[in-house]
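Below is one structure; the comments refer to it alone.
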Amino acid sequence: MMNSILMTLLSPDAYTILAAVLLALFSLLVFFLSRLVRRRWLRWLVWAITLFFWYVLFYGTFVGFTRLEVRHVEYASADLPAAFDGYRIAFFSDAHVGTLTGTRRPLLERVVDSINAQHADVICFVGDLQNQHPDEIAAARPLLKRLKARDGVYSVLGNHDYAEYSGLTDDYERAMLCEEVCRQEGLLGWRLLLNTHCYIRRGSDSIVIAGMENDGDGRFPQLGSIPNALWGVRRSDFIVMLEHDPTSWRRRILPQCHAQLTLSGHTHGGHLSLLGLSPAAIRYREYEGLYHVGPRALYVTKGVGGVLPFRFGTPAEIVVITLRKR
């Protein structure tokens, strides 16, 4: 409930203003308290820490949030059909296009251009296209429609795509907003996978691209269904599973199916990383990068956007995964 209220009342820019106001109040408190401290070195230390906080805020807002990386990863599996050795998947997550407007729109343009520049075989998006309302997607449609790959663009929904933060309390109205999100993704030319799958073929060989609805924990929507998503899929098939929330990997995907590779987002890398430490590590066991359990793997991307227009030490990223036959 508190998140819904905050998301309704505060725009992305308002979050930045609020952070600056709180930091300014903290600085005033430090100023008055420092006058009571007799030891000069301690006063300097407190002021140095305060100035560092200001640096983190300004760098993360105006520089860190605009950075974009393309990360190349290989995943090898004995189950991969030979015809797909070298198959390339470009995937991204958490676009939050409602934040990437105005002066931040060039970041979304760079994301689209950078993905297309990879000339991947397929493009996958793993959820959170909007912040609150599908009108945000409609405004970004001319740009997002430029994404092209030989085997198309596949997507799933994230927690923000279910109108969880719209401020609406009526279930029917929220369902209609979610339907509009699905319609908007269809207008983009994307294949939205709602607990379903499709086959990509190369001659007599094939792989499965499967997509679960958001399967979060706690307060996040838990609508994923592996039996539905993999209905009719054979045990011998190679599966790339798209699931927005990485907590589903250990809860549902590992014990309930044989999907060899899972692609997730949701964590944003915690928005902040200092000396390799991220607040995301407090909540998530897997929050950034490639993880293995035996021959099976999960990649959690840091995403490209966020409701909060701030990143420090966790730049936006596009991930290109090359499949290899072990």
Side-chain angles (χ1 to χ4, degrees), residues 89-97 122-138 140-141 144-145 147 149 151-166 168 171-200 206-217 219-234 237-249 251-254 256-266 298-301 303:
I89 303 169
F91 94 99
F92 68 118
S93 182
D94 300 279
H96 291 279
V97 295
V122 69
I123 297 172
C124 296
F125 176 74
V126 290
D128 275 3
L129 189 55
Q130 66 174 16
N131 286 342
Q132 295 174 270
H133 199 278
D135 287 348
E136 302 166 12
I137 305 172
R141 189 193 310 154
L144 295 172
K145 285 183 68 175
L147 287 172
D151 294 319
V153 182
Y154 295 85
S155 66
V156 293
L157 298 179
N159 53 292
H160 280 262
D161 300 321
Y162 291 92
E164 288 287 309
Y165 306 94
S166 64
L168 297 175
D171 290 340
Y172 175 78
E173 292 180 340
R174 290 166 61 178
M176 289 300 97
L177 274 187
C178 185
E179 285 292 328
E180 179 60 17
V181 171
C182 298
R183 190 182 77 87
Q184 288 292 337
E185 293 204 21
L187 292 175
L188 295 176
W190 297 5
R191 175 77 177 269
L192 180 61
L193 301 174
L194 300 174
N195 291 328
T196 187
H197 68 272
C198 64
Y199 280 90
I200 295 177
S206 64
I207 63 173
V208 174
I209 304 290
M212 293 171 60
E213 292 202 51
N214 191 85
D215 189 62
D217 61 350
R219 58 190 173 86
F220 298 112
Q222 196 170 74
L223 303 171
S225 171
I226 289 176
N228 288 346
L230 298 181
W231 180 262
V233 172
R234 299 164 298 185
D237 287 333
F238 181 90
I239 302 170
V240 178
M241 178 70 80
L242 310 183
E243 164 53 48
H244 179 68
D245 196 309
T247 64
S248 182
W249 189 52
R251 280 188 296 106
R252 302 283 298 280
I253 296 172
L254 286 179
Q256 294 184 20
C257 72
H258 72 277
Q260 290 87 347
L261 176 63
T262 300
L263 307 180
S264 295
H266 183 60
L298 164 73
Y299 195 100
V300 185
T301 177

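- Without hydrogens or angle criteria, H160 side chain to N131 main chain gives a donor-acceptor distance under 3.5 Å.
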Would you please test M212 and V156 for side-chain contact (heavy atoms from CB on, under 4.5 Å) and show each step?
-> CA-CA 7 Å; M212 293 171 60; V156 293; 5.9 Å; no
Evaluate the criterion side-chain hydrogen bond (donor to acceptor under 3.5 Å, both in side chains) for residue pair S248 and E243; output intermediate values, then yes/no.
-> CA-CA 8 Å; S248 182; E243 164 53 48; 4.6 Å; no
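- Atom CG in L254 sits 7.0 Å away from atom OG1 in T262 (nearest 0.5 Å).
- Here the CG-CG distance, from L147 to L188, works out to 8.5 Å after rounding to the nearest 0.5 Å.
- When every heavy atom of L261 is checked against every heavy atom of L263, the shortest pair comes out as CG-CD2, 4.0 Å.
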Run the side-chain contact (heavy atoms from CB on, under 4.5 Å) check on Q184 and V181 step by step: do they pass?
-> CA-CA 5 Å; Q184 288 292 337; V181 171; 5.7 Å; no
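- In this structure, a donor-acceptor pair under 3.5 Å is present between the side chains of T247 and R251.
- For N195 (side chain) and A229 (main-chain N/O), no donor-acceptor pair under 3.5 Å exists by modelled atom type.
- To the nearest 0.5 angstrom, L193 atom CG is 10.0 Å from M241 atom CE.
- No donor-acceptor distance shorter than 3.5 angstrom exists from the side chain of D128 to the backbone of S93, with no hydrogens or angles considered.
- In this structure, CG in L194 is found 8.0 Å from OG in S155, a value given to the nearest 0.5 Å.
- The side-chain heavy atoms of I209 and D151, taken from C-beta on, include no pair separated by under 4.5 Å.
- Taking the six-membered ring where tryptophan is involved, the planes of F125 and W190 are tilted, since the angle between them lies from 30° to 60°.
- Closest approach of V122 and A149 over heavy atoms only: CA-CB, 3.8 Å.
- When all heavy atoms of H266 and P246 are compared, the pair lying nearest together is CB-CD, 3.9 Å.
- Open room surrounds OH on Y172; 12 or fewer heavy atoms of other groups in view lie less than 6.0 Å from it.
- When all heavy atoms are compared, the tightest approach of I89 to V240 is CD1-CG2, 4.1 Å.
- At a threshold of 4.5 Å between non-hydrogen side-chain atoms, the residues D215 and I253 do not count as touching.
- For the pair C257/I239, no side-chain contact is recorded, criterion being any heavy-atom separation below 4.5 Å from C-beta on.
- For the side chain to side chain donor-acceptor pair (under 3.5 Å) test with N159, the passing option among H244, Q222, R219 is H244; the others fail.
- Here the closest heavy-atom approach between residue E213 and residue Y162 is recorded as OE1-OH, 2.8 Å.
- Of the inter-residue distances, the one linking Y154 atom OH with C198 atom SG reads 3.5 Å to the nearest 0.5 angstrom.
- In this structure, CD1 in I123 is found 15.5 Å from CZ in R191, a value given to the nearest 0.5 Å.
- Looking only at distances, a side-chain donor or acceptor of R252 sits under 3.5 Å from a matching main-chain atom of G224.
- The minimum heavy-atom distance linking C178 with L157 is given by the pair SG-CD1, 4.0 Å.
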